[in-house]
Peer 1: 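Would you mind keeping the following structure in view while I ask a few things?
Letters go in sequence order (proteins before strands), and every chain restarts at 1.
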2 protein chains.
Amino acid sequence: MNTKNYSLDNEQLARFAKAMGHPARITILQFLASLDCCYFGDIHNELPIAKATVSQHLKELKDAGLIQGEIETPKVKYCINQANWELAKVYFNEFFNSIHLKEVCCTTVD
Amino acid sequence: MNTKNYSLDNEQLARFAKAMGHPARITILQFLASLDCCYFGDIHNELPIAKATVSQHLKELKDAGLIQGEIETPKVKYCINQANWELAKVYFNEFFNSIHLKEVCCTTVD
DNA sequence: TTCGTAGTTCGCAAAATTACGAACAATTTT
DNA sequence: AAAATTGTTCGTAATTTTGCGAACTACGAA
């Protein structure tokens, strides 16, 4: 993204989080994961957006490594990328569980 | 964001994920959580970016509900919003754990 | 060969994100 | 009163994101 130095782990976690940062993409991931496997058209049917936009969201998920696609002419089959899915799961788990909150320090939420 | 209808849960999860979708914000959250509490200046020292930009990132985390701030003149104290932090934890856990992958369906990652 | 199906890519527009320096407030110190 | 400290807000710029329709590719069917 830029040349600022953040840890690689933080960059990877941010990349996963960013890919999940849109309701359409969350919906796609849940749908895909619940079926194990399906075609573009099935995904498009689940979403209230144009196919060009669905295609873009799928590309972003693919670039982030969370899903993978396979051409089965004339259709395109999509599924979860299991290895990276497990990786993301580990990253988020570590992120949330390595932290043990002790006290509330700020009382105001301005 | 727009008027498309996604489930409220998906919108909430996407909102949390989006807030986590930048390495600077991941760094802030980890730092804050490791200390329980600290001041703006401490956060700024951890990051390779200008204070105005840090302030913007803090605002986004606050808007997403993940942190909270309190003025302690002339400083500003920040900490994790514990209730929403737990909520996010639950959302991500459910998202990743409710899913049981069975088979690999796509072999190609084009 | 022409048509239909299934998706991707292109071109565009609007909006949001990221980043910075400068200006500004609010208090404390000198 | 003047100066220093601590952050936020403003104005601006560059880039990215989101979204759509239209054009395009690739294949199979009529």
Peer 1: Would you indicate which nucleotide in D/dG21, C/dA22, D/dG7 comes nearest to any side-chain atom of B/F40?
Peer 2: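 Minimum distance to the B/F40 side chain belongs to D/dG7.
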
Peer 1: Using OP1 and OP2 only, check whether a side-chain N or O of B/H44 sits under 4.0 Å from D/dT6.
Peer 2: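 Answer no for this pair, as no side-chain N or O of B/H44 is under 4.0 Å from OP1 or OP2.
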
Peer 1: Do A/F92 and A/F16 have ring centroids that are under 6.0 Å from one another?
Peer 2: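 Ring centroids of A/F16 and A/F92 are no less than 6.0 Å from each other.
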
Peer 1: Got B/I43 and B/I28 here, is their nearest side-chain heavy-atom distance under 4.5 Å?
Peer 2: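 SC-SC contact between B/I43 and B/I28 confirmed.
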
Peer 1: Nearest whole Å is fine: how far is D/dT18 C1' from A/L61 CG?
Peer 2: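 To the nearest whole Å, that distance equals 14 Å.
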
Peer 1: To the nearest Å, how far apart are A/I26 CD1 and D/dT18 P?
Peer 2: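 Rounded to the whole Å, the gap is 12 Å.
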
Peer 1: With a 4.0 Å cutoff (strictly under), does any side-chain N or O of A/T53 reach OP1 or OP2 of D/dT18?
Peer 2: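 So the side-chain polar atoms of A/T53 never come under 4.0 Å of the phosphate oxygens OP1 or OP2 of D/dT18.
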
Peer 1: Side chains of A/H57 and A/H22: does their closest heavy-atom pair fall under 4.5 Å?
Peer 2: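 Contact flag for A/H57/A/H22 side chains = yes.
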
Peer 1: Could I get the full list of side chain to side chain contact (heavy atoms under 4.5 Å, CB included) partners for B/E72, not counting sequence neighbours?
Peer 2: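 By the side chain to side chain contact (heavy atoms under 4.5 Å, CB included) rule, B/E72 matches B/Y39, B/K77.
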
Peer 1: Does B/H57 make a side-chain N or O approach to OP1 or OP2 of C/dT17 shorter than 4.0 Å?
Peer 2: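 The answer is no; no side-chain N or O of B/H57 sits under 4.0 Å from OP1 or OP2.
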
Peer 1: Distances under 3.5 Å between protein N/O atoms and the N/O atoms of nucleotides 23-30 of chain C, please, pair by pair.
Peer 2:
none

Peer 1: What's the NZ-P distance between A/K62 and C/dT9, to the nearest Å?
Peer 2: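 After rounding, the gap between these two atoms is 7 Å.
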
Peer 1: Is B/L47 close to A/Y6 at the side-chain level, that is, under 4.5 Å between some pair of heavy atoms?
Peer 2: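 They are in side-chain contact.
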
Peer 1: Rounded to the nearest angstrom, tell me the gap between atom CG in B/D42 and atom P in D/dT6.
Peer 2: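 For the pair B/D42 CG and D/dT6 P, the rounded distance is 10 Å.
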
Peer 1: Atom CG of B/L58 to atom C1' of D/dT9: distance rounded to whole Å?
Peer 2: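 Interatomic distance, CG of B/L58 to C1' of D/dT9: 14 Å.
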
Peer 1: How long is the line joining CD of B/E70 and C1' of D/dT6, in whole Å?
Peer 2: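 One finds 16 Å between C1' of D/dT6 and CD of B/E70, rounded.
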
Peer 1: Between P on D/dT17 and CZ on A/R25, what's the gap in Å once rounded to a whole number?
Peer 2: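 Nearest whole value for this atom pair: 8 Å.
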
Peer 1: For B/E60, answer base if it contacts any base atom (sugar-phosphate contacts may also be present), sugar-phosphate if it contacts only those atoms, and nothing otherwise; contact means non-hydrogen atoms under 4.0 Å.
Peer 2: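 Here B/E60 touches the backbone only, sparing every base.
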
Peer 1: Does the side chain of A/K18 get closer than 4.0 angstrom to OP1 or OP2 of D/dT17 through an N or O atom?
Peer 2: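 For D/dT17, OP1/OP2 do have a side-chain N/O of A/K18 under 4.0 Å.
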
Peer 1: If only side-chain N and O atoms of A/Y78 are considered, is one of them under 4.0 Å from the OP1 or OP2 phosphate oxygen of C/dA6?
Peer 2: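 Indeed not, no polar side-chain atom of A/Y78 lies that close.
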
Peer 1: Over how many whole Å does the gap from A/E72 atom CD to C/dG7 atom P extend?
Peer 2: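 So the two atoms are 10 Å apart, to the nearest Å.
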
Peer 1: Hey, does A/E86 have a side-chain heavy atom less than 4.5 Å from the side chain of A/V90?
Peer 2: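 Side-chain contact under 4.5 Å: no.
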
Peer 1: Is B/H22 close enough to C/dA19 that one of its side-chain N or O atoms is under 4.0 Å from OP1 or OP2 there?
Peer 2: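 For B/H22, the contact criterion (side-chain N or O under 4.0 Å from OP1 or OP2 of C/dA19) is met.
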
Peer 1: Of A/Q56 and A/K75, whose nearest nucleotide on DNA chain C comes first from the 5' end?
Peer 2: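 Its nearest nucleotide being more 5', the pick is A/K75.
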
Peer 1: Are the side chains of B/N93 and A/N93 in contact, using a 4.5 Å heavy-atom criterion?
Peer 2: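 The answer is yes, as the side chains (C-beta and beyond) meet within the 4.5 Å cut-off.
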
